[in-house]
J.: 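Can you read through this structure? Questions will come right after.
Residues: numbered from 1 along the sequence shown. In what follows, every heavy atom counts, from backbone to side chain, and hydrogens, waters and symmetry copies are set aside. This is a predicted model, so every value here is computed, not measured.
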Amino acid sequence: MNDNNMDCDQVQQTDGSRSEESISSPNQRMTRYQILTLISMASVNFSSMICYSILGPFFPNEAMKKGASQTVIGLIFGCYALCNLMGSLVLGKYIVQIGAKVMLISGLFVSSGCTILFGLLDRVPEGATFITLCFIIRSVDALGFSAAMTSSFAISAKVFPNNIATVLGSLEIFTGLGLILGPPIGGWLYQSFGYEVPFMALGCFLFLMVPFNIYILPSFAADPTKDSFFRLFTRLKIVLICFAIFTLSSGLGFLDATLSIYAIDKFDLSPGYVGLLLLGLSLPYCLASPLLGIVSDRFPSTRPWLMVLGGLSTATGFWFLGPVPILQIQSQLWLLVFMLGVIGFSLSMIAIPTFPEILNCAYENGFEEGLSTLGLVSGLFGAVWSIGMFCGPTLGGFTTQQLSFEWAASVQGGLAFLAVKIVIKQNNEKDISPDV
C-alpha cells in the first residue's frame, strides 16, 4: 500500500520536475503506476474503439431504410469527426486545467451514454426526426470520445517519455482488437437480436470502464503552458506530418461510410459477413503496430521513410480496392480482402511514427517538456485526424453517390500518393531529414 502511495506521489509532481520521467529508462523495469497506467490506457482504447466500430456492418443500410441518402449517411459519420475536431482542440489546450484523469473518465461516461441512446433510434420516426437525432447523439458522443482519446495519448506519452512509439504501438493492439471485434460482434448481435442490442450491450461495457479507471488510474498534476496550436502549425515539418495523418484518417472514414454498402450490393454479403470482411483491414494494423513502434523508437531516422513507404502502399491498396475503372480489372472478393490487408498494414506505417515526430519537433522548437505540451500535441493529432474522418465519409459518400465506389476509392489513393510526393520533396530539400 505504501508503494502505491509512493508511485502516485511521483505522478503528482509538476512538469518542472523530471524525476518521474527518468524512471522510464528503457533499461529499467516498469513501476507500479506505469503498469496501472498501461492497463488503464489499454482498456480505454479497446472499449472506445469497439463501440466506435460497431456501426459499419449494419447502420448505413438501417439509415437508408429510415430515409437517409448515401450523402446524408456520410455526413452522419462526418459530423462525429467534426465535433471530435473541436473537442480535441479545446480539450488539448486545457488538459492541465481540467485534469487528465477527470477528462478521460468524463469522456468515457459521455460516450457510453450516447452509445446506449443511439440504440434507441430505431424507435423514432423515419425521415427528418431520425436524421436530426443521429446528428445530435453522434456529435455529443464525439466530444466524449475526443476527451478520452486526447487524455489517453497525453498520459501515455507523459508516463513513458523515452518509449512513446513503442507504448503507442503496443496500445494499438487494443485499438485494433476493438476495431476487429466491433464489426463482427455488432453484425452478429444485429442479425440475432435486432438494432438495439449491439448498442445496449457495448454501451454498458463502455460504462463499466468508468469505475474501473477511477480505481486504477493515477492522478497527474502539471503546470499550464503559454504555447498554442498556432505555434505548432508554424513549423513546416509538423504541417506535412499532419497532412499524412489526414490522408490516413480520411481513408478510414471513407471505408466506414461506404464499404459495407458496396460489399452488400456487389457481393451480396450479409451484415455479419461484412463485419468479418473488415477484419482484413483491422488485423494487419493490429499486428504490425507494436513491431513498428519498436522500430520507430530504436531507429528514429527511419520514421520519415516508414511514412513514405506506408503512403505508397496505401495508395496502391486504394487503387486496387475497387479496382480503379481505368485498369479494367474485374472486382473480386479475394482482391478486396487482400487490398484491405495491404491498407491496414500500410496505415500502421504512417500512424505510429507521426506522434513522436510531432512531439520531437515541438521540443526542438522550444516547447516545454510536460503534460501541457503533450496535451497540445495530442489535441493537434486528434484534430487533424478528425478533419480526415470528416472529409473521408462526406466527400467519399458524395463521390460514391455521384460516380461509384471504385472512383471514390481511387481519389483516396491519390491523396495518399500526394502526401508521399510532398514528404519526399521536402526530404530532398532538407526541410525534413531522416536524421532529424
Side-chain angles (χ1 to χ4, degrees), residues 15 44-45 48 52 75 77-111 114 135-136 138-158 164 168 220 222-250 252-253 351 354-363 365-394:
D15 287 335
V44 170
N45 284 21
S48 296
Y52 169 81
L75 286 171
F77 278 90
C79 80
Y80 185 94
L82 191 61
C83 292
N84 201 348
L85 160 66
M86 295 184 290
S88 296
L89 290 175
V90 174
L91 297 171
K93 175 65 177 176
Y94 295 103
I95 188 172
V96 172
Q97 290 86 341
I98 297 172
K101 181 175 180 178
V102 172
M103 183 184 294
L104 185 144
I105 292 170
S106 300
L108 290 176
F109 179 79
V110 171
S111 190
C114 289
F135 278 113
I136 293 174
R138 286 287 284 175
S139 298
V140 177
D141 190 9
L143 295 178
F145 182 83
S146 67
M149 299 312 295
T150 297
S151 54
S152 174
F153 272 96
I155 290 171
S156 300
K158 170 72 175 175
I164 296 174
L168 293 181
F220 299 84
D223 295 325
T225 181
K226 296 181 180 180
D227 291 316
S228 65
F229 290 108
F230 177 77
R231 188 179 169 212
L232 277 176
F233 243 76
T234 59
R235 300 302 304 169
L236 179 60
K237 177 178 180 178
I238 291 179
V239 173
L240 296 180
I241 294 175
C242 285
F243 184 70
I245 297 170
F246 168 81
T247 62
L248 161 66
S249 60
S250 66
L252 289 174
T354 52
F355 189 91
E357 278 293 281
I358 294 176
L359 190 59
N360 285 344
C361 187
Y363 288 155
N365 287 276
F367 281 73
E368 298 176 4
E369 297 190 28
L371 185 60
S372 190
T373 297
L374 292 171
L376 287 176
V377 174
S378 299
L380 178 65
F381 186 96
V384 175
W385 180 277
S386 300
I387 294 173
M389 290 297 287
F390 174 77
C391 294
T394 52

J.: Can you give me the closest heavy-atom contact between Leu143 and Cys83, atom names plus distance?
T.: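 Closest pair (atom of Leu143, atom of Cys83, distance): CD2-O, 3.5 Å.
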J.: Are any non-hydrogen side-chain atoms of Glu357 and Ile238 less than 4.5 angstrom apart?
T.: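 Of all side-chain heavy-atom pairs linking Ile238 with Glu357, none is under 4.5 Å.
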J.: What distance do Phe390 atom CZ and Cys79 atom SG have between them, rounded to the nearest 0.5 Å?
T.: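 If I round to the nearest 0.5 Å, the distance is 8.5 Å.
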J.: CG/Leu82 to CD1/Ile387 distance, rounded to the nearest 0.5 angstrom?
T.: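 Here the interatomic distance stands at 9.0 Å.
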J.: Please find the pair of heavy atoms, one from Ala147 and one from Gly107, that lie closest to each other, and give the distance.
T.: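 Minimum heavy-atom separation between Ala147 and Gly107: CB-CA, 3.9 Å.
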J.: Between Cys391 and Phe246, is any pair of side-chain heavy atoms under 4.5 Å apart?
T.: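 Yes; the side chains approach each other to less than 4.5 Å.
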J.: CE/Met103 to CD1/Ile155 distance, rounded to the nearest 0.5 angstrom?
T.: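 Answer for the CE-CD1 pair, Met103 versus Ile155, is 9.0 Å.
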J.: Are more than 12 heavy atoms from other residues, nucleotides or ligands located less than 6.0 Å from atom CZ of Phe135?
T.: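 It does: Phe135 CZ has more than 12 such atoms within range.
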J.: Should we count CZ of Phe243 as having more than 12 external heavy atoms under 6.0 Å?
T.: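 Check passes, neighbour count above 12.
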J.: Going by heavy atoms in the side chains, are Ile358 and Ile245 under 4.5 Å from each other?
T.: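 Yes; the side chains approach each other to less than 4.5 Å.
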J.: Is any side-chain heavy atom of Leu168 closer than 4.5 Å to one of Phe355?
T.: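 The answer is yes; the side chains approach within 4.5 Å.
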J.: Once rounded to the nearest 0.5 Å, what's the spacing between atom CG of Leu252 and atom OG1 of Thr247?
T.: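 So the CG of Leu252 and the OG1 of Thr247 are separated by 10.0 Å.
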J.: Distance from Asp141 atom CG to Asn84 atom CG, nearest 0.5 Å?
T.: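 Answer for the CG-CG pair, Asp141 versus Asn84, is 9.5 Å.
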J.: May I ask you to test the Leu248-Trp385 pair for a side-chain heavy-atom distance under 4.5 Å?
T.: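 Yes, side chains in contact.
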J.: Nearest 0.5 Å, what's the OG-CG distance between Ser151 and Leu104?
T.: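 If I round to the nearest 0.5 Å, the distance is 3.5 Å.
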J.: Minimum heavy-atom separation for Met149 to Asn45, with atom names?
T.: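 Closest heavy-atom pair between Met149 and Asn45: CE-OD1, 3.6 Å.
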J.: State, to 0.1 Å, how close Ser106 and Val102 come at their nearest heavy-atom pair, and which atoms those are.
T.: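 Smallest heavy-atom distance, with atoms named: OG-O, 2.8 Å.
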J.: Would the distance check show the side chain of Ser152 and the main-chain N or O of Ala148 forming a donor-acceptor pair, the cut-off being under 3.5 Å?
T.: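 Checking the backbone N and O of Ala148 against the side chain of Ser152, no donor-acceptor pair under 3.5 Å is found.
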J.: Given side chains that start at C-beta, do those of Tyr363 and Val377 come closer than 4.5 Å, heavy atoms only?
T.: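 Of all side-chain heavy-atom pairs linking Val377 with Tyr363, none is under 4.5 Å.
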J.: Should the pair Tyr80 and Phe145 be assigned to parallel (<30°), tilted (30 to 60°) or perpendicular (>60°) ring geometry?
T.: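 The rings of Tyr80 and Phe145 sit tilted, inter-plane angle from 30° to 60°.
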J.: Quick one: closest heavy-atom pair of Leu108 and Ser48, and the distance?
T.: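 Nearest pair, atom of Leu108 first, then Ser48: CD2-OG, 3.8 Å.
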J.: Please name the pair of heavy atoms, one in Val384 and one in Ser249, separated by the smallest distance, quoted to 0.1 Å.
T.: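 Closest approach of Val384 to Ser249: O-OG, 3.9 Å.
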